[in-house]
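In what follows, a structure is listed as structure tokens, so that the remarks can point back to it.
All values reported here derive from a predicted model rather than from experimental measurement.
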Amino acid sequence: QVQLVESGGGLVQAGGSLRLSCAHSGRTSSTYPMGWFRQAPGKEREFVIAISWSGGRTYSADSVNGRFTISRDNAKNTVYLQMNNLKPEDTAVYYCAARAGTSYRSNSFYTAFSDYDSWGQGTQVTVSS
């Protein structure tokens, strides 16, 4: 497992943008698949977007496709979530996740909660209408 720390959350108006960052540490190599999930009040945690270890492949949920993008800088041990055209329904706590202690297929991304073994503490994103 690794340590993950999210930052960049806040309050934004609908149509606005935010960029979340996830700094990860705890292993010599930072090349493992990562993803973002979110959890709104009263709802289960849901998959948002994922990225392969190299950054060459990404996959996003239908609800954010075309608005959110994920990227990573392995030299800085950081993954980013760029969120554009935010909507009130995007309001949630956003969690960064890593598949750092489990084997993975080459250049694959993962979308299930159970695919990940390390989680951050979350950062609140609130979108006002």
*Would you name the heavy atoms of Tyr116 and Ala112 that are closest together and state the gap between them?*
CD1-O, 3.4 Å

*Where is the tightest heavy-atom contact between Asn77 and Asn74, given as atom of each residue plus distance?*
OD1-O, 3.0 Å

*Calculate, to the nearest 0.5 Å, the distance between atoms CD1 and CD1 belonging to Ile49 and Ile70 respectively.*
5.5 Å

*Could you grab the distance from atom OG of Ser7 to atom CZ of Arg19, nearest 0.5 Å is fine?*
9.0 Å

*Could you check Arg38 against Ser63 for side chain to side chain contact (heavy atoms under 4.5 Å, CB included), going step by step and ending with a plain yes or no?*
CA-CA 12 Å; Arg38 66 186 181 187; Ser63 58; 3.5 Å; yes

*Can you tell me how far the OG1 atom of Thr78 sits from the CG atom of Leu4, to the nearest 0.5 Å?*
11.0 Å

*Pro33 versus Tyr104: any side-chain heavy-atom pair under 4.5 Å?*
yes

_So, taking the atom named CG in Leu86 and the one named OG in Ser128, what distance separates them when rounded to the nearest 0.5 Å?_
10.0 Å

*asked:* In the structure I gave you, are the side-chain heavy atoms of Glu6 and Leu20 within less than 4.5 Å of one another anywhere?
replied: no

*Flag the pair Gln124 / Thr91 as yes when at least one side-chain heavy-atom distance between them is below 4.5 Å, and no otherwise.*
yes

*Taking the side chain as C-beta and beyond, is there a heavy-atom pair between Leu81 and Phe68 under 4.5 Å?*
yes

*Of all heavy-atom pairs between Ala92 and Ala40, which one has the smallest distance, and what is that distance?*
CB-N, 3.8 Å

*Of all residues at least two apart in sequence or in a different chain, which pass the ring pair (Phe, Tyr, Trp, His ring centres under 6.0 Å) check with Tyr80?*
none

*Is the Lys NZ or Arg CZ of Arg99 less than 6.0 Å from the centre of Tyr110's six-membered ring, within 45° of the axis?*
yes

*Does any donor atom in the side chain of Ser52 or Asn107 lie under 3.5 Å from an acceptor atom in the other side chain?*
yes

*Is there a donor-acceptor contact under 3.5 Å from the side chain of Asp117 to the main chain of Thr102?*
yes

*Could you tell me which non-hydrogen atom of Arg67 sits nearest to which non-hydrogen atom of Asn85, and how far apart they are?*
NH1-O, 3.0 Å

*Within-4.5 Å side-chain heavy-atom neighbours: Met83 and Val12*: no

*For the residue pair Cys22 and Trp36, what are the closest heavy atoms and their distance?*
CB-CZ2, 3.7 Å

*Answer yes or no: is there a donor N or O on one side and an acceptor on the other, between the side chain of Ser118 and the main chain of Val2, under 3.5 Å?*
yes

*asked:* Checking the side chain of Asn84 only, and the main-chain atoms of Thr69 only, is there a donor and an acceptor separated by less than 3.5 Å?
replied: no

_Within-4.5 Å side-chain heavy-atom neighbours: His24 and Cys96_ = no

*Please identify each residue that fulfils side-chain contact (heavy atoms from CB on, under 4.5 Å) with Arg45, with sequence neighbours left out.*
Phe37, Gln39, Tyr95, Phe113, Trp119

